[in-house]
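Below is one structure, written out as structure tokens; the observations come after it.
Each ligand, and each atom within it, is numbered from 1 in the order the structure gives.
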Amino acid sequence: MDKIKVHDKFFNVFISEEMIASRIDELSKQINDDLAGKDLLFIGILNGSFLFAADLFRKIDMDARISFLKLSSYEGTESTGFVRRLIGLNESVKGKTVVVIEDIVDTGKTLEGIITDLRDKEVEGIRVATLLLKPEAYKGDYKVDYVGFEIPNNFVVGFGLDYNGLGRNLRSIYTLSK
Ligand code: 5GP
């Protein structure tokens, strides 16, 4: 399906299921090479990253842990500009190399909050993997380590990303029709 409707809005296919799978394969290879020998903890940021986190994590071929944090700063198709911490981290992060897994980095506010928090917790190192990055919107200083796709500043759904609760189960990524 090239054109779909979610709630009241139409979306066009933008990144296919096959492109997503092959890019995740490449990212996992880089991570396996770069982080070999580290005490690794992946932290998936819910809800949006759950599919990306699952697909990436299953391709990590060394000892590694995974945990999830639930945050949200979006309502509808606009960022509300603040980050709410909904479910905290139970796992001990001290001495670990943490790989934060994001679905999408937009303004970077969410990421900034997470990185600030982790730096206070004596982690050994922090890496960030995001499936999508919107360079035009990104205002953060942190250089995102692993980026699936750089995309224009348009609202997208699918592969974990929602529009008001729907669209997460779409296998490709779709962009809002203009
Ligand atoms: P930031 O804090 O970087 O502005 O926003 C990051 C969060 O906003 C993401 O984790 C995601 O939940 C949400 N977000 C940002 N852009 C989009 C988008 O285009 N589509 C959807 N569905 N969510 C987005």
Side-chain angles (χ1 to χ4, degrees), residues 1-17 19-20 23-24 27 31 41-57 66-89 98-120 126-178:
M1 272 191 302
D2 285 354
K3 189 163 189 137
I4 52 146
K5 192 175 182 207
V6 182
H7 291 298
D8 55 330
K9 298 197 191 302
F10 289 94
F11 293 84
N12 297 316
V13 73
F14 181 51
I15 306 172
S16 70
E17 195 179 345
M19 283 170 72
I20 297 169
R23 189 67 188 123
I24 293 177
L27 292 179
I31 293 174
L41 171 65
F42 288 77
I43 301 179
I45 309 304
L46 296 173
N47 292 329
S49 81
F50 76 108
L51 292 177
F52 176 46
D55 285 3
L56 186 70
F57 190 68
I66 188 162
S67 188
F68 292 89
L69 266 183
K70 183 157 179 170
L71 306 171
S72 104
S73 69
Y74 249 64
E75 267 167 35
T77 59
E78 298 287 332
S79 176
T80 57
F82 66 92
V83 179
R84 284 179 289 147
R85 171 79 23 107
L86 301 180
I87 299 174
L89 197 62
V98 172
V99 183
V100 176
I101 308 180
E102 272 273 27
D103 51 354
I104 182 164
V105 175
D106 184 9
T107 63
K109 281 214 171 74
T110 308
L111 190 59
E112 191 185 291
I114 296 164
I115 289 176
T116 307
D117 255 37
L118 287 171
R119 284 196 174 131
D120 290 344
I126 304 170
R127 300 286 189 287
V128 177
T130 185
L131 181 61
L132 304 171
L133 171 73
K134 290 179 176 171
E136 295 158 35
Y138 185 55
K139 296 191 180 70
D141 304 323
Y142 190 89
K143 194 188 161 302
V144 182
D145 306 275
Y146 305 101
V147 177
F149 302 91
E150 290 195 350
I151 64 166
N153 201 3
N154 297 329
F155 187 76
V156 292
V157 291
F159 202 79
L161 290 134
D162 74 314
Y163 166 42
N164 277 345
L166 296 182
R168 294 194 197 276
N169 51 333
L170 295 164
R171 295 183 186 186
S172 302
I173 291 170
Y174 293 79
T175 190
L176 191 60
S177 299
K178 293 262 165 80

* Does anything in residues 167-178 pair up under salt bridge (charged side-chain N to carboxylate O under 4.0 Å, His left out), and if so which pairs, sequence neighbours excluded? -> Glu17-Arg171, Asp162-Arg168

* Asked: Under 3.5 Å between some N or O of ligand 1 and some N or O of Val156?
  -> yes

* Asked: Atoms of ligand 1 less than 4.0 Å from Glu102 heavy atoms?
  -> 10 (O)

* To do: Find all atoms of ligand 1 within a distance of less than 4.0 Å from any non-hydrogen atom belonging to Asn154, and give their numbers and elements.
  => 19 (O)

* To do: Hey, could you give me the NZ/NZ distance between Lys139 and Lys109, rounded to the nearest 0.5 Å?
  => 6.5 Å

* Which atoms of ligand 1 have any heavy atom of Leu161 under 4.0 Å away? -> 21 (C), 22 (N), 23 (N)

* Asked: Is the closest heavy-atom distance from Gly108 to ligand 1 below 4.0 Å?
  -> yes

* Working to the nearest 0.5 Å, report the span between OH of Tyr146 and CG of Leu27. => 9.0 Å

* Asked: Is there a heavy atom in Tyr163 that sits closer than 4.0 Å to ligand 1?
  -> no

* Asked: Nearest heavy-atom pair of Leu51 and Gly160: which atoms, and what distance?
  -> CD1-N, 3.6 Å

* To do: If the plane angle is over 60° it's perpendicular, under 30° parallel, otherwise tilted; pick one for Phe155 and Phe11.
  => tilted

* Asked: Using heavy atoms and a threshold below 4.0 Å, how should the contact between Asp103 and ligand 1 be classified: side chain, backbone, both, or neither?
  -> side chain

* Asked: When you look at Asp8 and Tyr163, which way does the side chain to side chain donor-acceptor pair (under 3.5 Å) test go after all the steps?
  -> CA-CA 10 Å; Asp8 55 330; Tyr163 166 42; 2.8 Å; yes

* To do: With atom 22 (N) of ligand 1 as the reference point, say which of Asp106, Asp162, Val157 has the nearest heavy atom.
  => Asp162

* To do: Examine ligand 1 and decide if any of its atoms is less than 4.0 Å from a heavy atom belonging to Lys134.
  => yes

* To do: For Thr175 and Asn12, indicate whether the former's side chain and the latter's backbone hold a donor-acceptor pair under 3.5 Å.
  => no

